Amino acid sequence: MIHSQIIGYGHYLPEKILNNVDLKKFIDTSDEWIYTRTGIKQRHIVESSQLTSDLAIKAAEDALLSAKIESSLIDCIIVATTTPDNTFPSTATKVQNFFKIGNIPSFDLQAVCSGFIYSLQVADSLIKSGKFKNILIIGAETLSKIVDWTDRRTCVLFGDGAGSVILSATTEKRGVLSSKLYSDGSWHDSLYADGGPSLNQDVGKIRMNGQDIFKQAVNKLSESTQNALNECNLNISDVNWLVPHQANQRIIQSTAKKLGIDNNKTISTVEYHANTSAASIPLALSCSIKKGVIKKNDIVALCAIGGGLTWGSCILKL
Ligand code: UT7
């Protein structure tokens, strides 16, 4: 029986930091409002010349280093992103070209903030098919480029960054133990970009009904995580770490409470990274593993929700 385990983790954050006080210089907001409503203190922001592929490549280099494997061993690349460099071709092909890995499939996956969880399930299935051995998965975003910097309801929430993992075939029973993916397109208008190639030939800006999403998030994140636990016959008490999508500290805490897991077993990086969409989970994972917080053999539950709506959960044994 083939299983898929994560053998390397990496991340990259742009150097420039925009904190809540900086935001006050151009919108009517306060550090107090942002921090109490979201838990966010700061976000990393790219320079205008930096592209999503630049962030993706740096995170991938870091993951390859940690996995201690040559890039030539990678046999598929998946980039989860909502902010690709171009409408086409995919950002994944730019990553592939950088590493000069010839004749392998590379593609972008669009599931907004759930993009990393979706990619993990796709990569796990590809590995279990027996056709692939080492898949590079990257979540990378430059959301600052599609944020409306005059809309205080959304612009304070997002940041830029990238996280990456290398998923590899193994005969050991570890790695991806189960995953559950969902979508419900009837929520389209609650969180979307008001542009697109077919719609108006513009990339558009982020538009969100925050309260709609907030209400959906806690229920959907906790239900899908419970369903993923049921699928691999584990209980929440077996979970060492919950690594939820990093959108809002209140959503993170309420989800943990609903699932019945302590806050001190819940990873939160939202204070420092804000919401980096598809990058948020691999970023949080990589940071926590590099700090020695999450360790080998830990059972980790991942969960995310984003535009679509799309949502899902994944249970891992590291
Ligand atoms: O990754 C995708 C998933 N997205 C999410 O998970 C986001 C989910 N939603 C949320 O996190 C929250 O709904 C927000 C943080 C977006 C908003 O928090 P809220 O407690 O739902 O606030 P609200 O939208 O009800 O706004 C309350 C007040 C409003 O003023 P009035 O109408 O009551 O006078 C807003 O205009 O806060 C005002 N407000 C702000 N004030 C200062 C909204 N944004 C700001 C701001 N600074 N940045």
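All figures in this text were calculated on a predicted structure; none of them were measured in a lab. Values below: every heavy atom of this structure, side chains too, minus hydrogens, waters and symmetry copies. Count residues from 1 along the sequence. Remember, it's 1-based here, ligands and their atoms both numbered in the order they're listed.
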Exercise. Parallel, tilted or perpendicular for H44 and H273, by the 30°/60° rule?
Worked result: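 H44 vs H273 ring planes: perpendicular.
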Check [X] against ligand 1 and report side chain, backbone, both or neither, counting heavy atoms closer than 4.0 Å.
X: V112; answer: neither
X: N275; answer: side chain
X: L191; answer: side chain

Take a 6.0 Å sphere around [atom1] of [X] and say whether it holds more than 12 heavy atoms from other residues, nucleotides or ligands.
X: K128; atom1: NZ; answer: yes
X: Y182; atom1: OH; answer: yes
X: E231; atom1: CD; answer: yes

Problem set entry | Pick from Q216, R152, K215: the one approaching atom 36 (O) of ligand 1 most closely through a non-hydrogen atom |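 Selected option, by shortest heavy-atom distance: R152.
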Exercise. Which residue from F214, W33, W311 reaches closest to atom 17 (C) of ligand 1 through any of its heavy atoms?
Worked result: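 When every heavy atom of F214, W33, W311 is considered, W33 comes closest to atom 17 (C) of ligand 1.
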Exercise. Mind checking whether G210 has an N or O less than 3.5 Å away from an N or O of ligand 1?
Worked result: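 Between G210 and ligand 1, an N or O pair is found under 3.5 Å apart.
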For this session: Compute the shortest N/O to N/O distance between R37 and ligand 1 and return yes if it is under 3.5 Å, no if not.
Result: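 R37 vs ligand 1: N/O contact under 3.5 Å present.
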Contact bool for [atom] (protein heavy atom, d < 4.0 Å):
atom: atom 39 (N) of ligand 1; answer: yes
atom: atom 25 (O) of ligand 1; answer: yes
atom: atom 47 (N) of ligand 1; answer: yes
atom: atom 7 (C) of ligand 1; answer: yes
atom: atom 43 (C) of ligand 1; answer: yes

Exercise. If only atom types and distance count, is the side chain of S114 paired as donor or acceptor with the main-chain N or O of I117 below 3.5 Å?
Worked result: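 Judged by distance alone, no pair lies under 3.5 Å.
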For this session: Would you check if the side chain of Q246 reaches a backbone N or O of P244 as a donor-acceptor pair within less than 3.5 Å?
Result: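 Pair found, side chain donor or acceptor close to backbone of P244.
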Exercise. What protein heavy atom sits nearest atom 18 (O) of ligand 1, and how far away is it?
Worked result: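 Nearest protein contact, heavy atoms only, for atom 18 (O) of ligand 1 is R250 NH2, 3.7 Å.
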For this session: Note the single closest protein heavy atom to atom 11 (O) of ligand 1, along with its residue, its atom name and the distance in Å.
Result: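 Of the protein heavy atoms, N248 ND2, 2.7 Å lies nearest.
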Taking 4.0 angstrom as the limit and counting only heavy atoms of [X], give me the atoms of ligand 1 inside it, by number and element.
X: T38; value: 15 (C)
X: H245; value: 1 (O)
X: I213; value: 3 (C), 4 (N), 5 (C), 6 (O)

Indicate yes or no: does [X] engage [Y] in a salt bridge with an N to O separation below 4.0 Å.
X: K58; Y: D62; result: no
X: D75; Y: K131; result: no
X: D22; Y: K16; result: no

Problem set entry | Close approach of C113 to ligand 1, heavy atoms, under 4.0 angstrom |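 C113 counts as a contact of ligand 1 under the 4.0 Å cut-off.
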